Undergrad: 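Next up is a structure, given as structure tokens.
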Amino acid sequence: QVQLVESGGGLVQAGNSLRLSCRASRPIFSNNGMGWFRQAPGKEREFVATISWNGGTTRYSDSVKGRFTISRDNRANTLYLQMNTLKPEDTAVYYCAASRLSAATSTPDTYRYWGQGTQVTVSS
């Protein structure tokens, strides 16, 4: 059983930055696409960003494009999400996930493993 553990969430003011990390309990990164999703109170979980197995392809939701950057360190089994120019509407629980596929994908059904989530709160 693979465990994904997110860290780096917290409370920040609008305009500031945070970097989320997600570490896997065992090596899965070498073959798997990875992604970040988020869920705000009262809303459905939504796609944020995804990266292919080798980092060669990244994709972002329109709401975060240009502000967030997804990256990965396969040697460290760690996924990152650099979040800049944060807005109150970015407030949510952020989840990392490991895909069944090697490609970058925004479809939740393609993800096999999910972390427990880390809270990000952006105050205005």
Side-chain angles (χ1 to χ4, degrees):
Q1 182 72 17
V2 174
Q3 286 186 320
L4 301 175
V5 180
E6 302 96 337
S7 62
L11 172 63
V12 295
Q13 288 188 328
N16 286 350
S17 300
L18 278 176
R19 188 176 81 155
L20 304 183
S21 299
C22 171
R23 196 169 193 285
S25 61
R26 65 174 176 84
I28 62 170
F29 281 45
S30 58
N31 296 314
N32 295 78
M34 300 291 296
W36 288 98
F37 293 77
R38 67 186 182 186
Q39 186 168 19
K43 295 187 177 181
E44 294 188 353
R45 188 174 298 188
E46 65 172 356
F47 164 73
V48 175
T50 181
I51 188 168
S52 61
W53 70 277
N54 63 353
T57 301
T58 58
R59 293 168 53 191
Y60 300 90
S61 68
D62 288 343
S63 61
V64 308
K65 195 174 298 181
R67 300 188 297 121
F68 291 11
T69 302
I70 188 171
S71 61
R72 63 192 296 161
D73 183 344
N74 287 354
R75 292 173 299 177
N77 300 327
T78 304
L79 177 73
Y80 302 100
L81 185 67
Q82 177 67 43
M83 305 186 294
N84 298 329
T85 319
L86 283 161
K87 304 175 180 179
E89 51 264 43
D90 294 318
T91 295
V93 177
Y94 284 71
Y95 300 89
C96 73
S99 175
R100 296 181 180 87
L101 310 176
S102 59
T105 172
S106 62
T107 306
D109 288 349
T110 63
Y111 285 83
R112 180 178 183 182
Y113 300 108
W114 293 82
Q116 292 300 305
T118 185
Q119 176 71 46
V120 172
T121 303
V122 184
S123 63
S124 58

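Only a predicted model underlies this, so the values are computations on that prediction, with no experimental measurement involved. Numbering starts at 1 and runs along the sequence shown.
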Undergrad: Could you tell me whether the side chain of Glu6 and the main chain of Gln116 form a donor-acceptor pair under 3.5 Å?
TA: yes
Undergrad: Can you see which heavy atom on Gly9 is nearest to which on Val120, and at what distance?
TA: CA-CG2, 4.1 Å
Undergrad: Is the side chain of Arg38 donor-acceptor paired with the backbone N or O of Val93 at a distance under 3.5 Å, no angle test?
TA: no
Undergrad: Would you mind telling me which of Ile51, Asp73, Asn74 makes a side chain to side chain contact (heavy atoms under 4.5 Å, CB included) with Leu79?
TA: Ile51
Undergrad: Do the charged groups of Lys87 and Asp90 touch, with an N to O distance under 4.0 Å?
TA: no
Undergrad: Answer yes if Trp114 and Tyr80 sit in the same cluster of Ile, Leu, Val, Met, Phe, Trp and Tyr residues linked by side chain heavy atoms under 4.5 Å apart, and no otherwise.
TA: no
Undergrad: Is it the case that more than 12 heavy atoms not belonging to Gln3 sit under 6.0 Å from its CD atom?
TA: no
Undergrad: Whether the side chain of Arg72 engages the backbone of Ser52 through a donor-acceptor N/O pair (distance < 3.5 Å, no angle test) should be reported.
TA: yes
Undergrad: Determine yes or no for a side-chain-to-main-chain donor-acceptor pair under 3.5 angstrom, with Thr78 supplying the side chain and Ala76 the backbone.
TA: yes
Undergrad: Can you give me the closest heavy-atom contact between Trp53 and Asn31, atom names plus distance?
TA: CB-C, 3.8 Å
Undergrad: Would the number of heavy atoms belonging to other residues, nucleotides or ligands and lying under 6.0 Å from CZ of Arg100 be above 12?
TA: yes
Undergrad: For the residue pair Phe47 and Pro108, establish whether any side-chain heavy-atom pair is separated by less than 4.5 Å.
TA: no
Undergrad: side-chain contact (heavy atoms from CB on, under 4.5 Å) for Leu86 and Asn16? Distances and angles first, verdict last.
TA: CA-CA 6 Å; Leu86 283 161; Asn16 286 350; 5.5 Å; no
Undergrad: Is it the case that the side chains of Gln119 and Thr121 hold a donor-acceptor pair, with the cut-off being a distance below 3.5 Å and no angle test?
TA: yes
Undergrad: Are a donor atom and an acceptor atom from the side chains of Ser17 and Asn84 found within less than 3.5 Å of each other?
TA: yes
Undergrad: Carefully, step by step, assess Leu20 and Met83 under the rule side-chain contact (heavy atoms from CB on, under 4.5 Å).
TA: CA-CA 8 Å; Leu20 304 183; Met83 305 186 294; 3.7 Å; yes
Undergrad: Report yes or no: does Thr118 contribute a side-chain atom to a donor-acceptor pair with the main-chain N or O of Tyr94 at less than 3.5 Å?
TA: no
Undergrad: Would you check if the side chain of Thr105 reaches a backbone N or O of Thr107 as a donor-acceptor pair within less than 3.5 Å?
TA: yes
Undergrad: On a heavy-atom basis, which atom in Ala14 and which in Pro88 lie closest, and how many Å separate them?
TA: CB-CD, 4.0 Å
Undergrad: Would you say the side-chain atoms of Tyr60 pair up with the backbone N or O of Ile70, donor to acceptor, closer than 3.5 Å?
TA: yes
Undergrad: To the closest 0.5 Å, what do you measure between CE (Met34) and SG (Cys22)?
TA: 5.0 Å
Undergrad: How many angstroms lie between atom CZ of Arg112 and atom CG of Leu4, to the nearest 0.5 angstrom?
TA: 11.5 Å
Undergrad: Quick one: does Asn32's side chain have a donor or acceptor within less than 3.5 Å of a partner on Ser99's backbone?
TA: yes
Undergrad: Where is the tightest heavy-atom contact between Ala97 and Tyr111, given as atom of each residue plus distance?
TA: CB-CD2, 3.3 Å
Undergrad: Checking Glu46 against Phe37 for the side-chain contact (heavy atoms from CB on, under 4.5 Å) test, could you report, in this order, the C-alpha distance in whole Å, the side-chain angles of both residues, the deciding distance, and whether it holds?
TA: CA-CA 5 Å; Glu46 65 172 356; Phe37 293 77; over 6 Å; no
Undergrad: Rounded to the nearest 0.5 Å, what's the gap from CZ on Phe68 to OG on Ser61? Could you check?
TA: 8.0 Å
Undergrad: So which heavy atom on Trp36 is nearest to which on Leu81, and how close?
TA: NE1-CB, 3.5 Å
